[in-house]
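In what follows, chains carry the letters A, B, and so on, assigned in the order in which the sequence lines appear, proteins first and then strands, with residues in each chain numbered from 1.
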Amino acid sequence: MAHWLMKSEPESYSWDDLVRDGGTEWDGVRNNAARLHLRAMKKGDEAFLYHSMSDKAVVGVMRIVREAAPDPKDPDWVSVRVEPVKAIGPVTLKDIKTEPSLAAMELIRQSRLSVAPVRDDEWRKILEMAGTR
DNA sequence: GCCAACGTTGGC
DNA sequence: GCCAACGTTGGC
């Protein structure tokens, strides 16, 4: 199973919104690299939800429950469907930057990418960091 | 609020 | 096809 990280500004759509809705269509992604990642997602994959801007922290785990389909707002792009699994952390960007084993994360390397892959070791490390608080 | 990084657009 | 100008994202 592959792992991912998906960003949202909590003022636009937060973990609490996702829990309230029970799941959501992850649409509105308008970046080609991010689209390629969306297309690569498989049903059952898990993704961190990262609150950007005001929070800058990983706050939960989501599950991909439907693979890429045309974005309902613009069929040139794609969206997936996600559901909340559990709240974790928060593991802040600062925490991640302080941890040497996470220095190669796509989140760090390309901070503007809104949908990014997470390696298995990185995934485990962040879960571990989330569990120790 | 500023600025770096990155993507897109348009003139040539 | 190059590159300057511009817009957007997101960290600081």
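- Annotation: salt bridge (charged side-chain N to carboxylate O under 4.0 Å, His left out) contacts involving residues 113-123 of chain A, sequence neighbours excluded, comprise A:R119-A:D121, A:R119-A:E122.
- Within the nucleic acid shown, A:K97 comes within 4.0 Å of sugar-phosphate atoms alone, with no base atom in reach, counting heavy atoms only.
- A side-chain donor-acceptor contact under 3.5 Å links A:D71 to the backbone of A:G28.
- Listed by residue number, A:Q110, A:R112 are the residues of residues 99-118 of chain A with a heavy-atom contact under 4.0 Å to DNA chain B.
- Residues from residues 72-81 of chain A lying near DNA chain C, meaning a heavy-atom separation below 4.0 Å, are absent.
- Put simply, A:V85 and A:V65 are part of two different groups of oily side chains (I, L, V, M, F, W, Y) that touch within less than 4.5 Å, one to the next.
- Annotation: salt bridge (charged side-chain N to carboxylate O under 4.0 Å, His left out) contacts of A:R35 (sequence neighbours excluded): none.
- Counting only N and O atoms by type, the side chains of A:D95 and A:T98 include no donor and acceptor under 3.5 Å apart.
- The salt bridge (charged side-chain N to carboxylate O under 4.0 Å, His left out) search around A:R124 returns none, not counting sequence neighbours.
- The 12-atom threshold is not exceeded at CZ of A:R39, counting heavy atoms of other residues, nucleotides or ligands nearer than 6.0 Å.
- Using a 4.0 Å heavy-atom cutoff across all strands shown, A:K7 reaches sugar-phosphate atoms only and no base atom.
- Here the OG-CE distance, from A:S8 to A:M53, works out to 11.5 Å after rounding to the nearest 0.5 Å.
- For the side-chain contact (heavy atoms from CB on, under 4.5 Å) test, residues two or more places apart in sequence or in another chain that qualify with A:Q110 are A:E106, A:L113.
- Of all the residues in residues 8-19 of chain A, not one reaches under 4.0 Å from DNA chain C with any non-hydrogen atom.
- Hydrophobic clustering, defined by side-chain heavy atoms of Ile, Leu, Val, Met, Phe, Trp and Tyr closer than 4.5 Å, groups A:W15 together with A:W4, A:M6, A:Y13, A:L18, A:V19, A:W26, A:V29, A:L38, A:M41, A:L49, A:V59, A:M62, A:I64, A:V78, A:V80, A:V82, A:V115.
- Around CZ of A:R109, the count of heavy atoms belonging to other residues, nucleotides or ligands within 6.0 Å does not exceed 12.
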Before you tell me yes or no, could you show the steps for A:I108 and A:L93 under side-chain contact (heavy atoms from CB on, under 4.5 Å), namely the whole-Å CA-CA distance, both residues' side-chain angles and the distance that decides it to 0.1 Å? CA-CA 9 Å; A:I108 306 300; A:L93 182 62; 3.9 Å; yes
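- Legend: ring pair (Phe, Tyr, Trp, His ring centres under 6.0 Å) pairs involving residues 85-128 of chain A, not counting sequence neighbours, sorted by first then second residue: A:H3-A:W123, A:F48-A:W123.
- The end-to-end axis angle of the helix from B:dG1-C:dC12 to B:dC12-C:dG1, rounded to 10 degrees and based on five pairs per end, is 10°.
- Chain A approaches DNA chain B within less than 4.0 angstrom (heavy atoms of the protein), and the contacting nucleotides run 5' to 3' from B:dA5 to B:dG7.
- Scanning for salt bridge (charged side-chain N to carboxylate O under 4.0 Å, His left out) contacts around A:D27 gives A:K73, with sequence neighbours left out.
- Residue A:S52 holds its OG atom at 12.0 Å from CZ of A:R112, rounded to the nearest 0.5 Å.
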